[in-house]
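As structure tokens, the structure follows; a few thoughts come after it.
Nothing fancy with the numbering, it's 1 onward along the sequence.
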Amino acid sequence: MDYSRDRIAKEIDRMFLDLPRAEKSVLLSVVVDRSFEHAWTGDLRSRTGGFAHTLARFDDSVPGRGLENCFAARLCRFIVSMLRNGGANVVGGSRLSQEFYDGCTESAARTELLGDAGDSELLEIYIKQCVVMMKAAGMIDVDGGAAVPSPDCMAGGVFTALFGSFWGKVRWEDIFPSNPSAARELRRNRHILVDLLLRQDGVFNLDSVAAEFFDLTGFGARNDVFLISFLDFYLFTWFAHFGLVEYAESDDGDAVRINATERGKSFLKHLQRA
């Protein structure tokens, strides 16, 4: 935990002189990724140091705590309010009932959350994904066959707990289910993608970043439309939900264009240095 990314990179350069630059970048990501996994071992709520503590410190440095008002955090608070009002039946061991999700979607459709989501079908998907993150973060307890908010589910900030779960605890195949193997591989290489995102200046085409990411990691072929859509619909959509990026108008109406927000850049830099 005393080693910075720059120091790890220099050590890789020293030990693997003849390794191609792209492979060194992948190796750096593997080392850092395993360090993150090690740091996340244990309960987020009970840790006082390490990466979770670093995330909590970051939130205090954001003027106006802008990330706490992102779509993901507002959706999380809405789900907590629904659980407090009536709870949710648990089926199949740990799953929340479809009746609960139907009620959430119907109620959320009467709020600004529907406009942010786009339509009711997407809203239901986002609610289900958010519940998975909340459960992994320890924000939801099961009491007598019903799901209820944990007593301290809001402690430390919603954004911190929810993003910490998304980035370090949840299995991405559980929230990105259309291609489980791609979800697992994307999670393994997520730090490389963040590095590429931070190198972009202003608005950029998702296709170009995806192509470079595919070249570096072997995640897919440069023009694999399905995998590019996978990045768009899942990872970058949730980056937008967390307020880290925003989608921009496309000049030709076809290419997906994205822009990292100022708070998003600050947070992602903080994330990569942690």
Side-chain angles (χ1 to χ4, degrees), residues 37 40-46 52 70-111 113-114 116-188 190 229-231 233-242:
E37 295 293 345
W40 274 108
T41 301
D43 190 337
L44 176 65
R45 293 173 296 169
S46 67
C70 66
F71 173 79
R74 286 185 286 115
L75 186 64
C76 178
R77 287 193 286 267
F78 168 80
I79 293 170
V80 168
S81 69
M82 293 293 291
L83 288 170
R84 282 177 174 162
N85 287 337
N89 292 331
V90 174
V91 296
S94 61
R95 290 185 296 108
L96 275 60
S97 68
Q98 183 60 42
E99 288 78 9
F100 173 74
Y101 290 118
D102 291 342
C104 280
T105 305
E106 182 180 348
S107 295
R110 296 191 290 268
T111 73
L113 293 171
L114 178 61
D116 292 337
D119 62 50
S120 59
E121 290 184 3
L122 287 174
L123 182 56
E124 182 176 341
I125 291 172
Y126 300 150
I127 290 172
K128 289 181 175 179
Q129 290 172 318
C130 192
V131 165
V132 174
M133 298 178 209
M134 292 170 66
K135 289 166 69 176
M139 301 176 76
I140 297 177
D141 292 335
V142 175
D143 182 14
V148 296
S150 63
D152 57 348
C153 65
M154 297 294 190
V158 173
F159 175 86
T160 301
L162 199 63
F163 186 86
S165 178
F166 167 72
W167 197 248
K169 289 192 171 186
V170 167
R171 299 191 316 167
W172 282 11
E173 60 266 34
D174 292 339
I175 54 174
F176 305 158
S178 66
N179 189 331
S181 61
R184 287 189 292 269
E185 188 66 12
L186 178 60
R187 189 181 189 281
R188 191 175 71 84
R190 63 199 186 280
S229 297
F230 184 86
L231 290 179
F233 182 70
Y234 287 125
L235 183 60
F236 279 96
T237 290
W238 271 97
F239 273 1
H241 290 344
F242 280 111

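What you find for I140 and A147 is that their closest heavy atoms are CG2-CB, 3.9 Å. Here the closest non-hydrogen pair linking C130 and L162 is SG-CD2, 4.0 Å. When all heavy atoms are compared, the tightest approach of A108 to L123 is CB-CD2, 3.6 Å. When all heavy atoms of V170 and R187 are compared, the closest pair comes out as O-NE, 3.1 Å. Considering all non-hydrogen atoms of both residues, L114 and A109 come closest at CD2-O, 3.5 Å.
Cation-pi contact between R190 and W167: present, with separation from the ring centre below 6.0 Å and deviation from the ring axis of at most 45°.
Between Q129 and I125, the closest side-chain pair of non-hydrogen atoms falls below 4.5 Å. The side-chain heavy atoms of I127 and T105, taken from C-beta on, include a pair separated by under 4.5 Å. Side-chain contact between Y101 and I79 is absent, with no heavy atoms from C-beta onward closer than 4.5 Å. At a threshold of 4.5 Å between non-hydrogen side-chain atoms, the residues C70 and H241 do not count as touching. The shortest side-chain heavy-atom distance between N89 and L96 does not fall under the 4.5 Å cut-off. Residues V90 and R95 have side chains not in contact (no heavy-atom distance under 4.5 Å, counting atoms from C-beta outward). Using a 4.5 Å cut-off on side-chain heavy atoms (C-beta onward), F159 and C76 make no contact. V132 places a side-chain heavy atom less than 4.5 Å from the side chain of I175.
Ring centroids of F242 and W238 are separated by less than 6.0 Å, placing the two rings close together. A ring-centre distance under 6.0 Å is found for F166 and W172.
In terms of modelled atom types and a separation under 3.5 Å, the side chain of S107 and the main chain of G103 share a donor-acceptor contact. A distance-only check finds no donor-acceptor pair linking the side chain of R188 to the backbone of A183 [under 3.5 Å]. Remark: side-chain polar atoms of S150 are paired, donor with acceptor, to backbone N or O of G138 under 3.5 angstrom.
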Taking it one step at a time, do L83 and V148 satisfy side-chain contact (heavy atoms from CB on, under 4.5 Å)? CA-CA 5 Å; L83 288 170; V148 296; 5.7 Å; no
Could you walk me through whether F78 and C104 pass the side-chain contact (heavy atoms from CB on, under 4.5 Å) test, one step at a time? CA-CA 8 Å; F78 168 80; C104 280; 4.1 Å; yes
As a quick check of understanding, evaluate side chain to side chain donor-acceptor pair (under 3.5 Å) for E124 and Q98, giving each step before the final call. CA-CA 10 Å; E124 182 176 341; Q98 183 60 42; 2.9 Å; yes
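In this structure, NZ in K135 is found 11.0 Å from OG in S165, a value given to the nearest 0.5 Å. D174 CG to M133 CE: the interatomic distance, rounded to the nearest 0.5 Å, is 11.0 Å.
Using a 3.5 Å distance cut-off with no hydrogens or angles, the side chains of Y126 and T237 do not pair a donor with an acceptor.
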